[in-house]
Number of protein chains: 2
Amino acid sequence: MERRDLHAHGRETPAGDRPEPEGALARITLGTQVYDALRDLLIAGGLAPGERLSLRTVAERLGTSMMPAREAVSRLVADEALEVLPNRAVRVPVITLQKFRELTRVRIAVEGFAAAEAARAVKPGDLAAIREHDAVFRHEVRAPEPDLERAMRANRDLHFAVYEAAGLPSLVAIIEGLWLRIGPVLNLDMRSSPRRLAEGAAQAHHADLVAALGAGDAEGARAALAADIAASAAFIETTGRLAP
Amino acid sequence: MERRDLHAHGRETPAGDRPEPEGALARITLGTQVYDALRDLLIAGGLAPGERLSLRTVAERLGTSMMPAREAVSRLVADEALEVLPNRAVRVPVITLQKFRELTRVRIAVEGFAAAEAARAVKPGDLAAIREHDAVFRHEVRAPEPDLERAMRANRDLHFAVYEAAGLPSLVAIIEGLWLRIGPVLNLDMRSSPRRLAEGAAQAHHADLVAALGAGDAEGARAALAADIAASAAFIETTGRLAP
DNA sequence: CCAGCCTAAGTGTGATCACAGATCACGGCA
DNA sequence: TGCCGTGATCTGTGATCACACTTAGGCTGG
């Protein structure tokens, strides 16, 4: 985890130093900012499974006091994106093979449902955005020197653009919780063997998905997404990084 | 919200007064206890939609300081079981009709999947427990003076016994989050017109569900559960307590 | 030289204090 | 009589301190 301040200026931010109301529409507290920062790190693979965290370290790294860090970690623990051991140590959970398979089954059911609903409810504007993310992903993995960061981000954006097209915000929130849990292992393994990206399995599934969405084929969209998740999961299992 | 202490003795629990390790296997902090207390209140309908909370009030009511109340409320806000308005006021969310319908659709998909999986994975012991909850529920709603509290609890126990029989803990956690959101409106309306319970629709759906589970009929179980949820939701909508 | 204790550093949890902002009722001015 | 301003009070948020507990490392005694 690299040093990154929440505020633009240095670390000295004693209190009441709120430089800009930040548009002030949404609730934006320090705790929420720390939460988002940790959240991005988890989904992007910046925190490896088993890595240990400390409230004071997190607070110092992000230039705040311990309180916002407590709130953020507390929420992430509630999401099961972090876990606090009986030793009072906070770490990112080490997923067992059994748990990974369970999460995969749940993902196929939930995200598959979202894809099916998206095929029924998708609007032209949504579809255009989805195609755009797909294009970015395809371009990136076909490049001579693929930028993994960009590829993974495009993949994520593509998936969530589909889910959001279903018009069920609470479902998207549920899926975000699932990604928060599998993010660390997924990113870690992808990073360790980027070769898989070039194999093109994901591209094919994405193409099927986009086609089904365009045709309003709910079951086709569900099947394509399920195949994408299953293929990805199967690859992860072969790398053998999962705990027994 | 009635006065209820977390500890057996009076309100004076200054600090470090940890009378009993409480088995000491699982992590049991004051924050978690407050969280569970509020959670039960929400699911059981002890907190009405729109009702406002205050950290200091919650803390005093439960005999702790403000810190555990902060953590609990913070987690519940993350679960969308509570919301904090831009005015810095915490309250139980007022569900709109649109949001209610959305949640119902998601529930039918997710809980329906759980029921289908349960039909495939149910073990004799699970089935016995499910039948027992069903019997309690049936007995209670047929009684001359139905005990709503007991009936609702039996209904909840029945549903979750089914979900747990699916053997997918993360799915159960997701469903708990959903119940946390619809709990307040569901309980409020049931309480206001207990007549519906006697109509027997729920009993019939439960009977279908149990029969399908016993027969290993996944699609039958899914259909029975979907019908149960849909019927309940339709009734709630007729009461017209939902916000526009 | 090795094993055992034992101290010191570090952990999360809880309490308390400080503060900016919102709310609301009361009182004074037009 | 009606309305606006104004201060007391209450809100969540953040900082800081205190404490019980774990853990790892260095010392001592064999």
Subject >> Length of the line joining B/Met67:CE and D/dG14:C1', which is rounded to integer Å >> reply: 10 Å

Original post:
To the nearest Å, how far apart are A/Tyr35 OH and D/dG14 P?
Top reply: 16 Å

Subject >> No-H, no-angle donor-acceptor pair, A/Arg70 side chain to C/dG14 base, under 3.5 Å >> reply: yes

Original post:
Could you give the CZ-to-P distance, from B/Arg91 to C/dA22, as a whole number of Å?
Top reply: 17 Å

**OP:** Using the test side chain to side chain donor-acceptor pair (under 3.5 Å), find all partners of A/Glu132 that sit at least two apart in sequence or belong to another chain.
**Re:** none

Subject >> Donor-acceptor under 3.5 Å (B/Asn187 side chain, B/Ile43 main chain) >> reply: yes

Subject >> Net bend of the helix from C/dC1-D/dG30 to C/dA30-D/dT1, end axes of five pairs each, nearest 10 degrees >> reply: 20°

**OP:** With sequence neighbours excluded, tell me which residues meet salt bridge (Lys or Arg N to Asp or Glu O under 4.0 Å) with B/Arg156.
**Re:** none

Subject >> Partners passing side-chain contact (heavy atoms from CB on, under 4.5 Å) against A/Arg150 (at least two apart in sequence or in another chain) >> reply: A/Val136, A/Glu140, A/Asp147, A/Arg153

Original post:
B/Thr104: what forms a side-chain contact (heavy atoms from CB on, under 4.5 Å) with it, not counting sequence neighbours?
Top reply: B/Phe100, B/Ile108, B/Ile229, B/Ala233

**OP:** Round to the nearest Å and state the distance from A/Glu71 atom CD to C/dT13 atom C1'.
**Re:** 15 Å

With the criterion being N/O to N/O and under 3.5 Å, what pairs connect the protein with nucleotides 9-12 of chain D, and how long is each?
| residue | atom | partner | partner atom | Å |
| --- | --- | --- | --- | --- |
| D/dT11 | OP1 | B/Ser54 | OG | 3.2 |
| D/dG12 | OP1 | B/Leu55 | N | 3.2 |
| D/dG12 | OP2 | B/Leu55 | N | 3.0 |
| D/dG12 | N7 | B/Arg56 | NH1 | 3.0 |
| D/dG12 | O6 | B/Arg56 | NH2 | 3.1 |
| D/dG12 | N2 | B/Arg88 | NH1 | 3.4 |

Original post:
Can you list the residues that meet the ring pair (Phe, Tyr, Trp, His ring centres under 6.0 Å) rule with A/Phe160, with sequence neighbours excluded?
Top reply: A/Tyr163, A/Trp179

**OP:** Kindly write out the residues that satisfy side-chain contact (heavy atoms from CB on, under 4.5 Å) with A/Glu102, not counting sequence neighbours, or none if the list is empty.
**Re:** A/Lys99, B/Leu168, B/Pro169, B/Ser170

Original post:
Got a sec, which residues hit side-chain contact (heavy atoms from CB on, under 4.5 Å) with A/Ala69, two or more places apart in sequence or on another chain?
Top reply: A/Val58, A/Ala59

